[in-house]
Amino acid sequence: MSTKPPFYITTAISYVNGVPHLGHAYESILTDVLARFKRLDGHDVMFLTGTDEHGEKVAQTAEQNGMEPRAFADKNAATFIEMTKKLGISNDDFIRTTEERHRISSQAIWKKLNDNGDIYLGKYEGWYSVREEAYFTEDELTTAEDGQKFTPLGTEVEWVEEPSYFFKLSSYTDRLIEYYAANIEAVQPPSRMNEIVSFLKQEGGLRDLSISRHKSRLKWGIPVPDDEDHVMYVWLDALTNYITALGYPDENTEKFNKFWPADYHVIGKDITRFHAIYWPAFLMAANLPLPKTIFAHGFINVGGTKMSKSIGNVLSPDDLIETYGLDQIRYFLMREIPHGQDGNFSHEQAVLRINADLANGLGNLAQRTLSMVYKNCDAKIPAPQAFTEDDQALLQQAYAMTDQIRASFDALKINRALEHIWGVVSACDVYIDAQAPWTLKKTDTERMETVLYVLAEVIRCLAIIVQPVVPHCAPKILEQLNISEDQRMFEHISADHVLASGTKIDKPEGVFPRIVEEEGT
RNA sequence: GGGCCAGUAGCUCAGUUGGUUAGAGCAAUCCGCUCAUAACGGAUUGGUCGCUGGUUCAAGUCCGGCCUGGCCUACCA
């Protein structure tokens, strides 16, 4: 058996300032689908997700709610953990940046950067509004006649200087440019890579990065090693989670050696820069290899407009699962949203897609086939006669799926992969119609049995390959075919593992119910 | 202001290095079938490929300009 390389995949960690919405769910599902795919394809997978809990906003919001930051973070982190469970996400670990292991790891990477000579104490300065407790850039401000500057909300700002530690990001400009010139596919999709490159090549290169906040302004963070007056700026803390979970600072554990560098960091497009510039620079400074691919996905619009609280179109994962079903939502998101682009969610579109592909497509195909087997073959997988050309063509199409689907997945084009799989579903329907087993029942039962056998075998392959996307429903089909759990990997999509004739099957039940709309709602 | 991406049938999308009458699925209409979740099959309808100049024997595909939408243009994550 060929040994496949280990595979490490992560989601971004969710900021616990708010509660989970469809956007979080999408990222978790997307990553989960990729992780499950790799597992079924024979890789040893490590899948990490978690929460980002430090920083100003959490501290502020906690205070507004009359809570300690810690308690507030605990409360909101729980909602993300809950979402992960409800979505059936197959993560191997869930990291919270408030955990002890992460404090140790973050302080260790700080020291590493410092030892490397990349950290220095400087001054962070800018226009600060005491009322709004925030810094503003020059172009956000308006200036009154007396020279006093005001924020967009009209509060006064003053020029503030405070001591801060800086990371020498500037000295990594050229190295990053070189790195991406040689690894043009390391940031996906390509349009995001363009952004990163143009950012790197801007006039004057990169500026150094403030990586701490003085305690007088922010206490909710990981203390800077050897200087109790500062806490770490949240991005250095947050990004480090990816190695914390592998046991950093111990670089010699089996886990670390096996899984670092990460294969995919799956993130939202809004945080590309942090992952594609800061994180690699930190890693270079810490003398660690860089993640292989940063995959920035798009955002999901609802009914054609951006989700926003004020519009009131924010969808909660719970409601969606309730309305459509978990696997149905997973399928819709994966099928409807192309590689790295923004997508749109609407009720109408969801119902059309779910009914057409899942209920009428794969679900109905399995149901009609297995019913015929159940009723006409004594509830047992029949024994086939010699295969005709049509039989072989269909079987061949099923066995050829794995390579084609793998190629689409490796290119992160999940929607294309699903399109291809459903091409095979459709081919089965065409085949049934052409063979008309209901007619053969009266004229040639042996031929009918062969046709049903071919169909059942192709359905077996289909059920195996759709597992990453519909991990709860696909196994129901495999159950109905009596395929044991150790026979459900992609390698089993092959003539070497064909359905055993004589296998008893239970009375089939619909796996993907049709969504029927109430009249007038 | 500078830059990136998208703009192809009602909807979601394909369209390799420019080359015959621009494709798929869904939706719609008609026909067929009846094993099946009122599901399946076949056919048909449907596009001035955002607009506009240009290069070329030939452009959805290359170049210029413009329009629409989204995003990036550093210390909120």
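The chains referred to below are lettered A, B, ... by the order of the sequence lines, with proteins before strands, and numbering in each begins at 1. Heavy atoms only: backbone and side chains are in, while hydrogens, waters and symmetry mates are out.
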Watson-Crick or G-U counterpart of [N], or none if no pair lies under 3.5 Å:
N: B/G25; answer: B/C11
N: B/G32; answer: B/C40
N: B/U55; answer: none
N: B/G69; answer: B/C5

Which ring-ring contact (aromatic ring centres under 6.0 Å, His included) pairs, counting each pair once, include a residue from residues 411-436 of chain A, with sequence neighbours left out? A/Tyr331-A/Trp422
OP1, OP2 of B/A77 versus side-chain N and O of A/Tyr233: anything below 4.0 Å?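 Affirmative; the distance criterion is met.
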Lys/Arg-Asp/Glu bridge criterion (N-O < 4.0 Å) met for A/Asp237, A/Arg103: no
Starting at atom [atom1] of [X], determine the distance to atom [atom2] of [N], rounded to an integer number of angstrom.
X: A/Ile300; N: B/U12; atom1: CD1; atom2: P; result: 15 Å
X: A/Leu236; N: B/C76; atom1: CG; atom2: P; result: 16 Å
X: A/Lys375; N: B/U34; atom1: NZ; atom2: P; result: 15 Å

Within 45° of the six-membered ring axis of A/Tyr324 and under 6.0 Å from that ring's centre, is NZ or CZ of A/Arg353 located there? no
Reading nucleotides 2-9 of chain B from the 5' end, what letters show protein touch, with B for base, S for backbone sugar-phosphate only, - for no heavy atom under 4.0 Å? --SS----
Could you pick out which residue, A/Arg368 or A/Phe166, lies toward the 5' side of RNA chain B when each is mapped onto its nearest nucleotide? A/Arg368
So do the side chains of A/Phe299 and A/Lys269 get within less than 4.5 Å of each other, counting heavy atoms only?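 When only atoms from C-beta onward are counted, A/Lys269 and A/Phe299 do touch, with a gap below 4.5 Å.
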Base, sugar-phosphate or nothing for A/Trp235? Non-hydrogen atoms, less than 4.0 Å.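 Contact class for A/Trp235: base.
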